[in-house]
Amino acid sequence: MNTKYIFVTGGVVSSLGKGIISASIGKLLQARGFKVTIQKFDPYINIDPGTLNPYEHGECYVTEDGFETDLDLGHYERFTGIHTTRNNSITTGRIYKTVIDRERHGDYLGKTIQVVPHITDEIKRRMLREGLDEGLDFVITEVGGTIGDIESAPFMEAIRQLRWQLGRDAVCVHLTYVPYLKAADELKTKPTQHSVKELQGMGIQPDILVLRTERHLDDHVRMKVASFCNVDLECVVQSEDMPSIYEAPVSMQKQGLDAAIMRKIGIPVGETPAMKPWHDFLNKQRNAKQEVHIGLVGKYDLQDAYKSIRESLNLAGIYNDVKAKLHFVNSEEITKENVAEKLDGLQGIVVCPGFGSRGIEGKIIAAEYTRTNDTPTFGICLGMQMMVIEFARNVLGYKDANSREMDERTPHNVIDIMEEQKNITQMGGTMRLGAYECELQKGSRTYEAYDCGDLIKERHRHRYEFNNKYQEEFEINGMKCVGINPAANLVEIVEIPEKKWYIGTQFHPEYSSTVLHPHPLFMSFIKACL
């Protein structure tokens, strides 16, 4: 069949969960045997979110092919297991840069370059994934932001044009908010009506409405929305608050969201797929009673800043039949005097990734405390580097040990800048990014955790590395380098075998953890915490 296109837009307010709905649709269509991909179009002018502060946009997710993307791509991969690429994350900045580069090259033969048709044509080309030849059954396109935002107008115009060009091969799913007014004891549909009216004013009639709500909507409310917004009643579904985001695909399936999409497109609906592995996972989640308390030692007091780490810990907890209770510990507030109090009651800690010097001394103090008290510790990227610096200072005796990132003049640069990074002047997209091979040392705890042979592949996002000049000294004193990149001889994993679980990875294992396949390192870490 021809490739079908699903456009997911949002109205009223942001942060309604378009990414979760897009990922849920992808999962449901996959369960029916279709080949699916999901892509995110963000209206901001940055080329990618790689240079954005996490407070601006949450975590920066990295694809296997080395592209820095929006955190929603993490949801897409965790739900569906697909491997996204740079083609799944597009920003206004990338669109305009492509068009301007072509204009400078002379590709437009002297024409005046305008938003319509040149910018919208480039958006349409990317939405249709022209030239990629992937044999996809469905392409789900989520557009960031909210209807009415000035920066999203070109994307809406592109969708309007594609709806006409593609006919029944395209469907628009619009996510809105239905607030509850406590004083009136009433759910209000007016914001949804206005949002749909705004969309209609742009020439787009939504086919399906997903109503985000904190209270259950009865059929009367759904019928009211359907009649005012020109949408079939069966195509008005609700997205209620649930105990877990992973309940969303099941809720959407029960309400017939995937069936409604297929009917709109003209595909026989057939039987509802059982999705047994997903239900098995949800049952394990519901039945998990015991709690394991994990501390996230970092500097960003924001849930989305460590989104993939949080989800990886939650998933590993569920598969270990426990609930992972995560506690943020601000590394800027940790001192030698209060570290015991700050980490009291935690069965394990994750020393979180990041950039810059803010909060690193607190991470180093936390790493020393957990090492000397034999508390399971997982250092990721910068977190691993802080574990290395702590060991150099307090075991090797180099009190001035540091990273070149934090102190360019340190005489004991146990963490140093990569050779190929030394002459780089631009920040965006210039780090060591994407999946690289790592050779595991047989007999190490890490090797046992992976249980898949000598060679693994993991995703990176960093400029600085373990300084191999110190490797022998570290290993003699008890910190082993058990994971090495075979091509560049770079240290990827360190561990202290004599401890219960004290492992640092230069890569980001959280990017590879999915609902049906939790990452083996997180699984091993949670087991050690128990």
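Only this structure's heavy atoms are used, side chains among them; waters, hydrogens and symmetry mates stay out.
For the residue pair Ser403 / Gln385, no side-chain donor-acceptor distance below 3.5 Å is found, with atom types taken as modelled. In this model, a donor atom of one side chain and an acceptor atom of the other lie less than 3.5 Å apart for Asn88 and Thr37. Neither side chain, Gln506 nor Arg432, offers a donor N or O lying under 3.5 Å from an acceptor on the other. Checked by atom type, the side-chain pair Thr98/Arg126 shows a donor-acceptor distance below 3.5 Å. Side-chain contact annotation: Tyr246 with Glu311, donor-acceptor N/O pair under 3.5 Å present. A donor-acceptor contact closer than 3.5 angstrom links the side chains of Thr63 and Asp65. For the 3.5 Å distance criterion, the side chains of Glu458 and Thr505 fail to qualify, holding no donor opposite an acceptor. Thr370 and Thr377 form a side-chain donor-acceptor contact under 3.5 Å, judged by distance and modelled atom types alone. A side-chain donor-acceptor contact under 3.5 Å links Glu59 and Ser308.
The closest side-chain heavy-atom distance from Met1 to Asp137 is below 4.5 Å. Residues Val139 and Gln39 are in side-chain contact: their nearest non-hydrogen atoms beyond the backbone lie under 4.5 Å apart. Side-chain atoms of Ile503 and Val482, non-hydrogen and from C-beta on, never get closer than 4.5 Å to each other. In this structure the side chain of Lys4 never reaches within 4.5 angstrom of the side chain of Ile261, judged on heavy atoms. With contacts defined as side-chain heavy-atom distances shorter than 4.5 Å, the pair Val491/Ile484 qualifies. In this structure, the side chains of Thr9 and Ile159 come closer than 4.5 Å at one or more pairs of heavy atoms. By the 4.5 Å heavy-atom criterion applied to side chains, Ile349 and Val329 are not counted as neighbours. Contact annotation: the side chain of Val515 approaches that of Leu315 to within less than 4.5 Å [non-hydrogen atoms, C-beta and beyond].
Other residues, nucleotides and ligands contribute more than 12 heavy atoms inside 6.0 Å of the CG atom of Leu516. In the displayed structure, Glu130 atom CD is contacted under 6.0 Å by more than 12 heavy atoms of other residues, nucleotides or ligands. Within 6.0 Å of CD on Glu134 lie more than 12 heavy atoms contributed by other residues, nucleotides or ligands. Annotation: His279, atom NE2; neighbour count of heavy atoms from other residues, nucleotides and ligands within 6.0 Å is above 12.
Note on ring orientation: taking the six-membered ring where Trp is involved, the planes of Phe79 and His75 are perpendicular (angle over 60°, cut-offs 30° and 60°). Ring orientation note: the planes of His460 and Tyr436 are nearly perpendicular, at an angle over 60° on the 30°/60° scale. Ring-plane geometry between Phe522 and Phe378 is classed as tilted, the angle between the planes lying from 30 to 60 degrees on a 0 to 90 degree scale.
A salt bridge is defined here as a Lys NZ or Arg NE, NH1 or NH2 lying under 4.0 Å from an Asp or Glu carboxylate O, and Lys40 with Glu142 meets this definition. At a threshold of 4.0 Å, the pair Glu390-Arg393 does not count as salt-bridged, since none of the basic side-chain nitrogens sits closer than that to a carboxylate oxygen. Ion pairing of Lys276 with Asp280 is present here, as a side-chain N (NZ or NE/NH1/NH2) and a carboxylate O approach within less than 4.0 Å. A salt bridge links Arg461 with Glu68: at least one charged nitrogen is closer than 4.0 Å to a carboxylate oxygen.
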Give the C-alpha distance, both sets of side-chain angles, the deciding distance and a yes or no for salt bridge (charged side-chain N to carboxylate O under 4.0 Å, His left out) between Glu247 and Arg286. CA-CA 11 Å; Glu247 302 272 0; Arg286 294 177 193 127; 2.9 Å; yes
Side chain to side chain contact (heavy atoms under 4.5 Å, CB included) between Trp501 and Lys527, intermediate numbers included: CA-CA 10 Å; Trp501 210 97; Lys527 278 178 187 166; over 6 Å; no
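Without hydrogens or angle criteria, His508 side chain to Glu510 main chain gives no donor-acceptor distance under 3.5 Å. Counting only distance, with no hydrogens or angles, the side chain of Tyr319 and the backbone of Lys284 share no donor-acceptor pair below 3.5 Å. Checked by atom type and distance alone, the side chain of Asn485 pairs as donor or acceptor with a backbone atom of Glu437 at under 3.5 Å. Put simply, the side chain of Asn373 never gets that close to the backbone of Thr375: no donor and acceptor are under 3.5 Å apart. Arg129 places a side-chain N or O within donor-acceptor distance of the main-chain N or O of Asn87, the cut-off being under 3.5 Å. Counting only distance, with no hydrogens or angles, the side chain of Asp374 and the backbone of Lys499 share no donor-acceptor pair below 3.5 Å. Between the side chain of Ser152 and the backbone N or O of Phe155 there is no donor-acceptor pair closer than 3.5 Å. Not a single donor-acceptor pair under 3.5 Å links the side chain of Ser331 to the backbone N or O of Ile360. Under the 3.5 Å distance criterion, the side-chain polar atoms of Arg459 are left unmatched by any main-chain donor or acceptor of Tyr61.
Applying ring-ring contact (aromatic ring centres under 6.0 Å, His included) to His519 and the options Phe525, Tyr511, Tyr450 leaves one that passes, Tyr450.
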Between side-chain atoms of residues 19-31 and protein atoms elsewhere (two or more places apart, or another chain), which donor-acceptor pairs fall under 3.5 Å?
unit_1 : atom_1 : unit_2 : atom_2 : d
Ser22  : OG     : Lys18  : O      : 2.8
Ser24  : OG     : Ile20  : O      : 2.8
Gln30  : NE2    : Thr80  : O      : 3.1

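A search for side-chain contact (heavy atoms from CB on, under 4.5 Å) contacts involving Lys325 returns Glu291, His293, His327, not counting sequence neighbours.
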